[in-house]
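See structure below.
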2 protein chains.
Amino acid sequence: MEMVLEKQVKALSERTLRRLPRYIEILKRMKSEKIEFVSSNMIADELGLDSIQVRKDLAATGVIGKPKLGFAIDELIAGIKHTLNWDNQTDAFLVGAGSLGSAILGYKTFSDHGLNIIAAFENEPSKVGEIINHITVLPIEKLSDMAYRMKVHIGVITVPAGEAQKVADMMIEGGIKAIWNFAPVHLKVPDFVIVENAQLSHSLGVLTHKLAESLK
Amino acid sequence: MEMVLEKQVKALSERTLRRLPRYIEILKRMKSEKIEFVSSNMIADELGLDSIQVRKDLAATGVIGKPKLGFAIDELIAGIKHTLNWDNQTDAFLVGAGSLGSAILGYKTFSDHGLNIIAAFENEPSKVGEIINHITVLPIEKLSDMAYRMKVHIGVITVPAGEAQKVADMMIEGGIKAIWNFAPVHLKVPDFVIVENAQLSHSLGVLTHKLAESLK
DNA sequence: CACCTATCGATAATTTTTTATCGATATAAA
DNA sequence: TTTATATCGATAAAAAATTATCGATAGGTG
């Protein structure tokens, strides 16, 4: 009889992945209210979801619940964080210290989300040398080399549309494996590079469409 | 025989809605390259999608293509914009003139996306009176009244988590019908209010998870 | 002009995601 | 100690989304 050596990790759909941070969000609040066990129903009610869906999502994290009680909240938070790889930080470079870039550099909470931005880069000479939230802005020319030497794996792109592809190419040259792209451009990258798009316009489109529908 | 008075609008899934802005993005670039007709295959190739899916998405906008040629690019852009209601601007208020809020106020391109932010509000007295990208920061107390009097229908929330629900309540009191929420909180709102969440952490979770998977 | 072909758009098949059902079980109450 | 029940988690059903198939047609080609 074979031993199952590693915990069976079920495939995680992208939709499940997007719900997990929402679970963390309300679980943290519940924890602050001294709640120790939480049922799939409580979570579902809180977020307006279906409890079966919540159970399925949580099953994907490997955390198991107890009949009649639900899930131990600490264990659950830890499990979700582990699934998202938010329980250890990955170093990242950010390129584009404009207003959005600066805003992102200012977020201290990203360290809770597995991201540790250690340097920022800019094209614009006037911005080079600035220090934003303890992070120095360096000239873009240094990007590839530094990424390579420091084994940085995540790149955040907050430059204008026209420059984004060039920046992505530099990142890939420096060995970056995952790009968080805020520029409103579809990046062309090799298969082994992960791109996660975070364009605001995508979510804005849903809003403006639904609003127009609801008003007519 | 009955006349079909209004163009038959098929139901638009949220997933289709999220792809439409991406189509606009590359269509605009193609247009600048003097391309006049574009096929579903060209779009699909460009974005790494399936051409059938592209055709289905475009069908939902009501734009019709020509066999052998594809879609007239101008007509297509206009049709998608119309579907998203990006062909006319809706006034909006933004609350929370922190770094992210300021960044959003700075985006001039939102006017291309149907959004016209006409005022910003803040809790923090030191920020009140500031002018960011021609938009004055007003005291939060004025929010509900002004929204009501000016018939503003969209609210953008860029305050810290702890204040977001309170701000949402004020917005709803002022008659706001759609909320674009950047605060990492699940907002509780009546059924008739549309909430579109734009939390960065959701997309970051997908990235960190996939990166961890790919590295092991 | 007649044929060939790229493309559309409608319908069908497949896959994925969501929702439903139900037996098992841990805790609390009788 | 026995019983009742809330909840889990597995399996099944239903719904939604994606992908495949194919006839129709506009426009180019010989």
Side-chain angles (χ1 to χ4, degrees), chain A residues 4 7-20 22-23 27 30 35-77 79-80 83 202 205-206 209-210, chain B residues 4 7-20 22-23 26-27 30 35-76 79-80 83 202 205-206 209-210:
Chain A
V4 177
K7 190 181 278 178
Q8 179 62 35
V9 179
K10 290 143 200 158
L12 273 143
S13 75
E14 195 143 329
R15 319 198 77 182
T16 294
L17 283 174
R18 285 187 192 282
R19 282 187 294 265
L20 293 181
R22 304 179 62 192
Y23 298 158
L27 289 171
M30 288 171 167
I35 294 170
E36 285 179 29
F37 279 85
V38 60
S39 71
S40 56
N41 249 299
M42 288 164 72
I43 298 175
D45 282 357
E46 200 68 30
L47 294 175
L49 300 173
D50 187 288
S51 69
I52 300 161
Q53 183 173 60
V54 172
R55 276 211 296 289
K56 259 200 140 191
D57 285 343
L58 298 187
T61 69
V63 179
I64 58 173
K66 278 188 191 165
K68 187 94 191 219
L69 275 186
F71 299 84
I73 205 162
D74 285 320
E75 199 187 329
L76 190 49
I77 293 173
I80 298 176
T83 302
H202 298 184
V206 178
H209 169 83
K210 286 187 181 171
Chain B
V4 176
K7 191 180 276 177
Q8 179 63 33
V9 179
K10 290 143 201 159
L12 272 143
S13 75
E14 194 145 330
R15 317 192 79 179
T16 294
L17 283 174
R18 284 187 193 282
R19 281 188 295 265
L20 293 181
R22 304 179 62 192
Y23 298 158
I26 60 154
L27 289 171
M30 288 171 167
I35 294 170
E36 286 180 28
F37 280 85
V38 60
S39 71
S40 56
N41 248 300
M42 287 164 74
I43 297 175
D45 282 357
E46 199 69 28
L47 294 175
L49 300 173
D50 188 289
S51 68
I52 301 161
Q53 181 172 62
V54 172
R55 277 211 296 288
K56 260 200 139 190
D57 285 342
L58 298 187
T61 69
V63 179
I64 59 173
K66 280 188 190 163
K68 188 92 192 220
L69 274 185
F71 299 84
I73 205 162
D74 285 320
E75 198 187 330
L76 191 49
I80 298 175
T83 302
H202 299 183
V206 178
H209 169 83
K210 286 187 180 170

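Chain identifiers are assigned alphabetically (A, B, ...) following the order of the sequence lines, protein sequences preceding nucleic acid strands; residue numbering begins at 1 within each chain.
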Under 4.0 Å between any heavy atoms, over every strand shown, what does B:L69 touch: base, sugar-phosphate, or nothing? Just pick one.
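B:L69: backbone/sugar contact only, no base atoms under 4.0 Å.
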
If you look at every strand shown and take non-hydrogen atoms under 4.0 Å, does B:S51 touch a base, only sugar-phosphate, or nothing?
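Nothing, no heavy atom under 4.0 Å.
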
If you assign B:P67 and B:T16 each to the DNA chain D nucleotide with the nearest heavy atom, which residue ends up on the more 5' nucleotide?
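Counting from the 5' end, the first nearest nucleotide belongs to B:T16.
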
Is the distance from OP1 or OP2 of [N] to the nearest side-chain N or O of [X] less than 4.0 Å?
X: A:R55; N: D:dG9; answer: no
X: A:R19; N: C:dT18; answer: yes
X: B:S40; N: C:dT7; answer: no
X: B:R15; N: C:dT16; answer: no

Scan B:R55, B:K56, B:Q53 and name whichever one has a side chain to side chain donor-acceptor pair (under 3.5 Å) with B:S40.
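Answer to the side chain to side chain donor-acceptor pair (under 3.5 Å) test with B:S40 among B:R55, B:K56, B:Q53: B:R55.
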
Between the base of D:dT5 and the side chain of A:K68, is there any donor-acceptor pair under 3.5 Å?
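Donor-acceptor pair under 3.5 Å: yes.
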
For [X] and [N], what is the distance between atoms [atom1] and [atom2] respectively, to the nearest whole Å?
X: B:I64; N: C:dC8; atom1: CD1; atom2: C1'; answer: 10 Å
X: B:D50; N: C:dT16; atom1: CG; atom2: C1'; answer: 15 Å
X: A:K56; N: D:dA13; atom1: NZ; atom2: P; answer: 14 Å
X: B:Q53; N: D:dT18; atom1: CD; atom2: P; answer: 5 Å
X: B:E14; N: C:dT17; atom1: CD; atom2: C1'; answer: 14 Å
X: B:L49; N: D:dT19; atom1: CG; atom2: C1'; answer: 13 Å
X: B:K66; N: D:dA24; atom1: NZ; atom2: P; answer: 21 Å
X: B:L58; N: C:dC8; atom1: CG; atom2: C1'; answer: 11 Å

Mapping B:M42 and A:D57 onto DNA chain C by nearest heavy atom, which one lands closer to the 5' end?
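It is B:M42 whose nearest nucleotide is closer to the 5' end.
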
Answer yes or no: is there a side-chain heavy-atom contact under 4.5 Å between [X] and [Y]?
X: B:I80; Y: B:V63; answer: no
X: A:R15; Y: A:R19; answer: yes
X: B:L49; Y: B:I43; answer: no

Among D:dG9, C:dT7, C:dT19, the one nearest B:S39 by side-chain distance
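Selected nucleotide (nearest to the side chain): C:dT7.
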
Distance, nearest 0.5 Å, that separates OG of B:S51 from CG of B:L58:
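Reported value, rounded in 0.5 Å steps: 10.5 Å.
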
